[in-house]
Every structure is written in structure tokens, then in C-alpha cells.
There are 2 protein chains.
Amino acid sequence: MNPSKVPDIVIGRLPLYLRALTQMAQDGKEITSSQELGGELGISSAQIRKDLSQFGEFGKQGTGYNIEFLADQLKRILHLDQIWDVALIGAGDLGTAIANYGGFIDRGFRIRSVYDNDPSKIGTWAGAYEVHSVDQLEKDLRDMGIKIVMLAVPASHAQEVTERLIAADVKAILCYAPISLSVPDSVKVQYIDPVLHLQHMTFYLSK
Amino acid sequence: MNPSKVPDIVIGRLPLYLRALTQMAQDGKEITSSQELGGELGISSAQIRKDLSQFGEFGKQGTGYNIEFLADQLKRILHLDQIWDVALIGAGDLGTAIANYGGFIDRGFRIRSVYDNDPSKIGTWAGAYEVHSVDQLEKDLRDMGIKIVMLAVPASHAQEVTERLIAADVKAILCYAPISLSVPDSVKVQYIDPVLHLQHMTFYLSK
DNA sequence: TAGATTGTTAATCGATTAACAATC
DNA sequence: TAGATTGTTAATCGATTAACAATC
């Protein structure tokens, strides 16, 4: 597989497949089919087979897919056959909720360090994590080799923090602030803005 | 405009346009162009003009778009020329963070009521909201006429709560649980799962 | 008027689906 | 063997982009 040739929209579906497979495995299932998996996710079986075929042949004609095997392959493809250290910037309500969320480690991510710029918060705890000053942010992240950051700071500070992240050689940012960040092509950004989703749905609601 | 004929992917971009326009207005700008707006968002100017043309003619040749006017039109199209009451189900860490988030009201949404199924939480406060029992959930939501719910309960309870929401005539669900919900076509669902975004980005990271 | 930018059409590009030979 | 399901090809469908007349 040549990574640069696989459409990004396909890559975006792989974590969804992995999530459904993990659920099936927890339910004690061993085998599934593209039809069953698609039914679960609201995706056509043809699309699932096409997506997977970009990376290899993982199924058996007449039988389907071994759930554990396919999940392992997806983890390998997505570079989830390791645990990624992540830094969390921002220890407000949202940052604290993220710090307390227990759902990261099972899916490949570990919060390594938490930062805030508010002097009154430094040294306090956000869940299990001591809150650190952003004074040494670049050096800290470089020393720890952190490539992924969850950014939970106010929109007004998000771009300036982002520039420091870029300087620290961070390569992936999950931005919770409701703005579009400017980054070089070498840095990936994903956004979470709940209001965008709500506003998308109100189009379909009658007043 | 015939709503059913506009592609959903176009609808999904309108809130993004609105967000950028609102930012421009706050910065004191009065006029923008499809090129400037696109530059801000990483979208081509042709796409922005095409998207907007689905709903009418909002610009002036040679000049561009009046920011306030276009924002008002987008609000009207998205049914954001009113405030929507929203219920929040789940008053754990995430629910509490959502309850404390101040960014909803300016963008068209007001949290009206907060619910949890944990007896020890009933009567306590999540930010400015008293936590209510889910015992009377269907009746409560119907009485208040609530059509939109933010669902911040554990994955293990999300589907059963969803069935109660459907029974209560809720039409839009923003689901924070990492699962796919089963709902009839008449109910819209949007999902927020931060781990999916992280796993999408790790594909592009070298180990 | 000259310069700029819209709204729209046609062309291009890319993604999804249908269909089926291969084969478990 | 008969039934089922994959992986893949070709056809279809839909979205994006390029280009430009209209016009502010």
C-alpha cells in the first residue's frame, strides 16, 4: 500500500471499522462479514470491501472476516500497534473532562502531561495529572517526543499556542476551539466543535 | 430552495461559513469575498459560491458579500433565527463540562434542562443547572417541546436512552458516546468521538 | 471606464455502487 | 456439492473545479 495514494476519506472510516470490530470482539463474536459490519455502521458492504482492499486481502470467500485478525490489521495500518503519548493543553472545564475521560488508553492514547497558562492552576490537579506551566512548553514536548496534542484552550489563544506546538515539532493537533487554525501541510489538524454539529441538524428541523 | 435537493455535505459547510463570518464581523469587517472566506477555511472560492448559490444570490459582482447580511441569511437557512432549547443527558465529567461551556447561547442554543440516572446526583448542580432524574424524561421533554438532545452518557447506556428520546419525539441527537446509534430516518444524529479523530491522524504519523 | 467578483455552466475529478468470477 | 462472501472491475453517481459572461 502506498499511503499517499489512499484517499483521506477512506482513512477516516478505518477507525470507525475498528471501533465496531472491537465492540463485536467484546461481545464474544469471532467472525463477521462486510454486510454485517456495514449494517452496524450504516455503510454499504461494497464500500467496506473496497476500503479494505486498499491495504490487502483480509477476508475469506464464503466466510467473511476474522474479527480479531482484521482489528489487528487495522491497528497496524493506523499505527495503533503502539501507545501514543499525548499532551493536553488547557485545564479548564473541558480540559479537566478530557483528563478524566477513561476511554483513551484502550484505543491507543495516553495523556502524558497537562498544561495551562493560568498561574493559579499550576500545581493543581486535573484528574490524575498535575497541571504544568506553559513556560517551558516547547522544551517539554520536545524532551518527551510528543507528536500529538489535544488543544482545549479558548479560541482567542488557540492560534498562538498552535505556533508554539509547531515550533515544538508537534505533528497532530486535535483542536477543541471553534476556529480554523493555520498550520503547515506537515501538521495534521482535526476539529471538534459541537455547535457545528447542532447547527447542521437544525437545518432539517422545522421551527 | 428545495431543502431535500441540497446535498447534505453542503449543509454541513454552512455552519463553518457562518462561524468564519461571525469572526470577521467581530473583527469589525463589513465586506468579504468568496476568495477571502475560502482562504480562511481552506475551501476553494468556487465551492463557496456554488454552495451559496443553492439558496439564493447574496453577493454583488465586483464587491463581494456584506458580512452581516450573509450571516443573517445563513442563520435563516439553518433555522438559527431563533434560540433552540436543548436537553443534556448525563452529568458526569463530560456533561458538566458541556453544562459549563459558555459558547452555545451566542450560536443559537440554550441548555434548558440536565438529566442523570444516578440518584446521588439528582438535585446537585452541574454548572448553573440542577440535575434532574430521568424518571420522567419522556414527559419532561414533551412538555418542554425539546427537539434536540446532547447525549453524554456511557456507551453502555446510550442506545436505551436514545429509544426513550425517540419516544419523547426528539428529532436531533448529538451523541458523545463512542458507538453508532440505531434511529429511524426521521431522527438526525451527529457524533463526537475524539478518539476517531486521533486515530485518523496517527495514520499519517511515522512511528 | 477599468478592475474586481459574482453566479452559473460545462468539464473534470473522485467516490460509491453494482455485479460477478473466484473460491472458501 | 451448494451456499455464501470475498476482492475487483466497470458503470454510475455526485462533488469539485475551471472558466467566463454578467455586472457592480
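We name chains A, B, ... by the order of the sequence lines, and we start the count at 1 in each one. Side-chain atoms are counted along with the backbone in the values below, which use heavy atoms only and exclude waters and symmetry mates.
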Any donor and acceptor pair, going by atom type alone, linking the side chain of A/Q159 with main-chain N or O of A/S182 inside 3.5 Å?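 Yes; judged by distance alone, with no hydrogens or angles, the pair exists.
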
Ignoring hydrogens and angles, tell me if any N or O in the side chain of B/N66 forms a donor-acceptor pair with the backbone of B/E68 under 3.5 Å. yes

In whole Å, I'd like the distance from the [atom1] atom of [X] to the [atom2] atom of [N].
X: A/R49; N: C/dA21; atom1: CZ; atom2: P; value: 15 Å
X: B/I11; N: D/dA15; atom1: CD1; atom2: C1'; value: 14 Å
X: A/I67; N: D/dT5; atom1: CD1; atom2: P; value: 13 Å
X: A/L52; N: D/dT6; atom1: CG; atom2: P; value: 9 Å
X: B/Q54; N: C/dT9; atom1: CD; atom2: P; value: 12 Å
X: B/I31; N: C/dA4; atom1: CD1; atom2: P; value: 16 Å
X: A/D51; N: D/dT6; atom1: CG; atom2: C1'; value: 15 Å
X: A/N66; N: D/dT6; atom1: CG; atom2: C1'; value: 15 Å

Looking at D/dG14, which nucleotide sits across from it as a Watson-Crick or G-U wobble partner, both distances under 3.5 angstrom, or is there none?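 D/dG14 is paired with C/dC13.
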
Paired nucleotide for C/dT23 [Watson-Crick or G-U wobble; both distances under 3.5 Å]: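 D/dA4 is the nucleotide pairing with C/dT23.
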
Is the phosphate of [N] approached by [X] (side-chain N or O, under 4.0 Å from OP1 or OP2)?
X: B/Y65; N: D/dC24; answer: no
X: A/R13; N: C/dT16; answer: yes
X: A/S34; N: D/dT6; answer: yes
X: A/S44; N: C/dT17; answer: yes

Would you check, one step at a time, whether the test salt bridge (charged side-chain N to carboxylate O under 4.0 Å, His left out) holds for A/K147 with A/D85? CA-CA 8 Å; A/K147 299 297 168 192; A/D85 279 342; over 6 Å; no

Where do B/D169 and B/K171 land on the salt bridge (charged side-chain N to carboxylate O under 4.0 Å, His left out) test, with the steps shown first? CA-CA 6 Å; B/D169 206 32; B/K171 294 300 183 194; 3.3 Å; yes

Along DNA chain C (nearest heavy atom to each residue), the more 5'-positioned of A/Q47 and B/G64: B/G64

Toward the 5' end of DNA chain C, by each residue's nearest nucleotide, A/I9 or B/Q35: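 So the residue in question is B/Q35.
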
Comparing A/K50 with A/Q61, nearest DNA chain D nucleotide closer to 5' gives the residue A/Q61

Quick one, A/D72 with A/R76, criterion salt bridge (charged side-chain N to carboxylate O under 4.0 Å, His left out). Give me CA distance, side-chain angles, the key distance, then yes/no. CA-CA 6 Å; A/D72 281 347; A/R76 178 182 55 74; over 6 Å; no

Shortest side-chain distance from B/S33, nucleotide among C/dT5, D/dG7, C/dT17: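 The closest nucleotide is C/dT5.
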
